Amino acid sequence: MLNMMVNNSFIPCIIFKNARFSGVLGSLAAAMLLSVVAISDASASQLVDENAPNSTQATSPLKLNGKFTQGALLRGEVPKGSTVLLNEQPVAVNKDGKFVVGFARDAKLNHVLTVKTAKGSVITREITLEEREYDIQRIDGLEPKMVTPPASVTARINKDNRNVAKARGNSSDLDALFTRFEWPAKGPITGVYGSQRILNGVPKWPHYGVDVGAPTGTPVFAPVDGVVTLADDLYYSGNTLILDHGMQVFSTFLHLDTMTVNVGDYVKKGEQIGTIGATGRATGPHLDWRINLGKMRLDPQTVVSGNPDD
């Protein structure tokens, strides 16, 4: 019996003196050897293959976590000092090597993430997103002014839009978004991200949040730490709060009955920030929770697990 080394492992090989047996069993041994080599090579490739699924990247210098689907926010980490490109466009990386990327509601399915480390190595990750099908929701019986606002409120709506843009315009050094998100309120999900609403028969913009239905006065909590950048009564969304979680990731809470924090406050995960209501354009009490990466509107359910009524 001889031992052959394959990928640093010894494989026993038997040598037969009988030519007939040697030919048949030799062929079998060769086939087995090729199988061992293939398995060994495949196992080795998983350690460095950045095209492999996220679960196989335990030893890779590139970590990427999240739901690989349209509307998703993905959180990543690379060695300190690295640069990151998504489809050849630069991605902000903080001092600890953490970064976030987002994919809009109707984003294309194939993307390329490129990492250049401080030592000069290059890592390429091909990202394939799952295509989503979105619900169509019809809501009838709304007051006409809430479907097509009168000209008299145009100035107010424009001012609201400017204030919201300002509240989401900062890129802070907070990194709370890399901790576990929790649902901000308890109750059943009554509306989902991406669904298009037809109000009184008129198609409107898609819904960019997840709705949690609950009675007026139900507490609303911060899903992770953040700084309050907006606390105002807006025409469409009523009492509205925006929290800055860092790196241009923001939570927005719409239709609140009350707001218990003020602009500039730092709130901890689980701290109450308000109560569920039906202010603004709402047909009943609920919380509309939204996630933004800058101007990109993303699905909160891609950063939180479970259900809010668990």
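Excluded from the calculations below are hydrogen atoms, water molecules and symmetry mates; all remaining heavy atoms, backbone and side chain alike, are included. Numbers for residues simply follow the sequence, beginning at 1. As the structure is a prediction and not an experimental result, all values here were calculated from the model.
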- Query: If two hydrophobic side chains count as joined below 4.5 Å and joins carry through other members, does V224 share a cluster with L241?
  - Reply: yes
- Item | Under 4.5 Å side-chain linkage, directly or through intermediates, the cluster mates of Y134 | Y193, Y208
- Task: Would you check if I157 and Y236 make a side-chain contact, meaning some heavy-atom pair closer than 4.5 Å?
- Result: yes
- Message: What I'd like to find out is whether the side chain of V220 reaches to under 4.5 Å of the side chain of T275, using heavy atoms alone.
- Response: no
- Stepwise side-chain hydrogen bond (donor to acceptor under 3.5 Å, both in side chains) check, R180 with S305: CA-CA 9 Å; R180 180 185 177 89; S305 59; 3.1 Å; yes
- Apply salt bridge (Lys or Arg N to Asp or Glu O under 4.0 Å) to K98 and list each qualifying residue two or more places apart in sequence or on a separate chain. D175
- Message: Are V93 and V100 linked, directly or through intermediate hydrophobic residues, by side-chain heavy-atom contacts shorter than 4.5 Å (ILVMFWY only)?
- Response: no
- Message: Would you say that P184 contacts F253 through its side chain, given a criterion of any heavy-atom pair below 4.5 Å between the two side chains?
- Response: yes
- Calculate, to the nearest 0.5 Å, the distance between atoms CD1 and NE2 belonging to I276 and H255 respectively. 11.5 Å
- Query: Hey, mind stepping through W289 and S251 against side-chain hydrogen bond (donor to acceptor under 3.5 Å, both in side chains) and telling me if it holds?
  - Reply: CA-CA 7 Å; W289 176 32; S251 279; 3.1 Å; yes
- Item | Smallest separation among heavy atoms of V267 and A222, with atom names | CG2-CB, 4.0 Å
- Task: Would you please name every residue forming a salt bridge (Lys or Arg N to Asp or Glu O under 4.0 Å) with R168, sequence neighbours left out?
- Result: none
- Query: CD1 of I127 to CG of L113: how many Å apart, nearest 0.5 Å?
  - Reply: 5.0 Å
- Message: How long is the straight-line distance from CG of L129 back to CG of L109, given to the nearest 0.5 Å?
- Response: 6.0 Å
- Item | Short side-chain to backbone donor-acceptor contact, N292 and G294, under 3.5 Å | yes
- Closest heavy-atom pair, P215 versus P285, reported as atoms and distance to 0.1 Å, is C-CB, 4.2 Å
- Nearest-0.5 Å distance that lies between atom OG1 in T240 and atom CE in M259: 7.0 Å
- Applied to residues 213-229, the side-chain hydrogen bond (donor to acceptor under 3.5 Å, both in side chains) test, sequence neighbours excluded, yields D225-Y266, D225-K268
- Query: Quick one: do L298 and F99 end up in the same hydrophobic cluster if we chain Ile, Leu, Val, Met, Phe, Trp and Tyr together by side-chain heavy atoms under 4.5 Å apart?
  - Reply: no
- Stepwise, does the side-chain contact (heavy atoms from CB on, under 4.5 Å) test hold for L174 with M247? CA-CA 7 Å; L174 299 173; M247 300 193 73; over 6 Å; no
- Message: For a side-chain contact (heavy atoms from CB on, under 4.5 Å) check, start with the C-alpha distance between N87 and K108, then their side-chain angles and the critical distance, and finish with the verdict.
- Response: CA-CA 11 Å; N87 301 324; K108 65 180 185 178; 4.1 Å; yes
- Message: Under the criterion side-chain hydrogen bond (donor to acceptor under 3.5 Å, both in side chains), I'd like the reasoning laid out for D211 against T190: C-alpha separation, chi angles, the key distance, then a yes or no.
- Response: CA-CA 5 Å; D211 292 342; T190 57; 4.6 Å; no
- Item | Note, L256 side chain near L287 side chain (heavy atom, < 4.5 Å) | yes
- Message: Around atom NZ of K116, are there more than 12 heavy atoms from other residues, nucleotides or ligands closer than 6.0 Å?
- Response: no
- Query: Considering only heavy atoms from C-beta outward, does the side chain of V84 approach that of T114 to under 4.5 Å?
  - Reply: no
Atom pairs and distances, side-chain donor-acceptor, residues 69-81, under 3.5 Å, sequence neighbours left out:
| unit_1 | atom_1 | unit_2 | atom_2 | d |
| --- | --- | --- | --- | --- |
| T69 | OG1 | E130 | O | 3.2 |
| Q70 | OE1 | R132 | N | 3.0 |
| Q70 | NE2 | A107 | O | 2.7 |
| R75 | NH1 | L177 | O | 2.6 |
| R75 | NH1 | T179 | O | 3.2 |

- Task: Compare every heavy atom of G201 with every heavy atom of D140, then report the nearest pair and how far apart it is.
- Result: OD1-N, 3.8 Å
- Which pairs count as side-chain hydrogen bond (donor to acceptor under 3.5 Å, both in side chains) when at least one residue sits in residues 151-166, sequence neighbours excluded? none
- Message: If hydrophobic clusters are built from ILVMFWY residues whose side chains come within less than 4.5 Å, do I273 and V249 share one?
- Response: yes
- Should side-chain heavy atoms under 4.5 Å link Ile, Leu, Val, Met, Phe, Trp and Tyr, which residues sit in the same cluster as L234? V164, L230, I242, F250
- Closest contact, heavy atoms only, K186 versus A214: O-CB, 3.6 Å
- Item | Nearest heavy atoms of H207 and V210, plus distance in Å | CE1-N, 4.1 Å
- Residue pair P206 / S195, side-chain heavy-atom distance below 4.5 Å: no
- Message: Please tell me whether M296 and I291 are part of a single hydrophobic cluster in this structure, the criterion being side-chain heavy atoms less than 4.5 Å apart.
- Response: yes
- For S82 and T117, work out which heavy atoms get closest and say how close. OG-CA, 3.4 Å
- Message: Restricting to salt bridge (Lys or Arg N to Asp or Glu O under 4.0 Å), what partner residues turn up for R138, sequence neighbours left out?
- Response: none
- Message: List the residues meeting salt bridge (Lys or Arg N to Asp or Glu O under 4.0 Å) with D288, not counting sequence neighbours, and say none if there are none.
- Response: R290
- Taking D299 for the side chain and Q301 for the main chain, is one N or O donor matched with an acceptor at less than 3.5 Å? yes
- Message: Tell me whether D173 at atom CG has more than 12 heavy atoms from other residues, nucleotides or ligands lying less than 6.0 Å away.
- Response: no
- Query: What ring pair (Phe, Tyr, Trp, His ring centres under 6.0 Å) pairs are there with at least one residue in residues 158-182, not counting sequence neighbours?
  - Reply: F181-H245
- Say you draw a straight line from CG of D257 to OG1 of T279; how long is it, rounded to the nearest 0.5 Å? 7.0 Å
- Query: Mind checking what makes ring pair (Phe, Tyr, Trp, His ring centres under 6.0 Å) contact with F221, not counting sequence neighbours?
  - Reply: none
- Sequence-distant partners of F103, ring pair (Phe, Tyr, Trp, His ring centres under 6.0 Å), two or more places apart: H111
- Flag side-chain contact, heavy atom, 4.5 Å: F68 against L64: yes
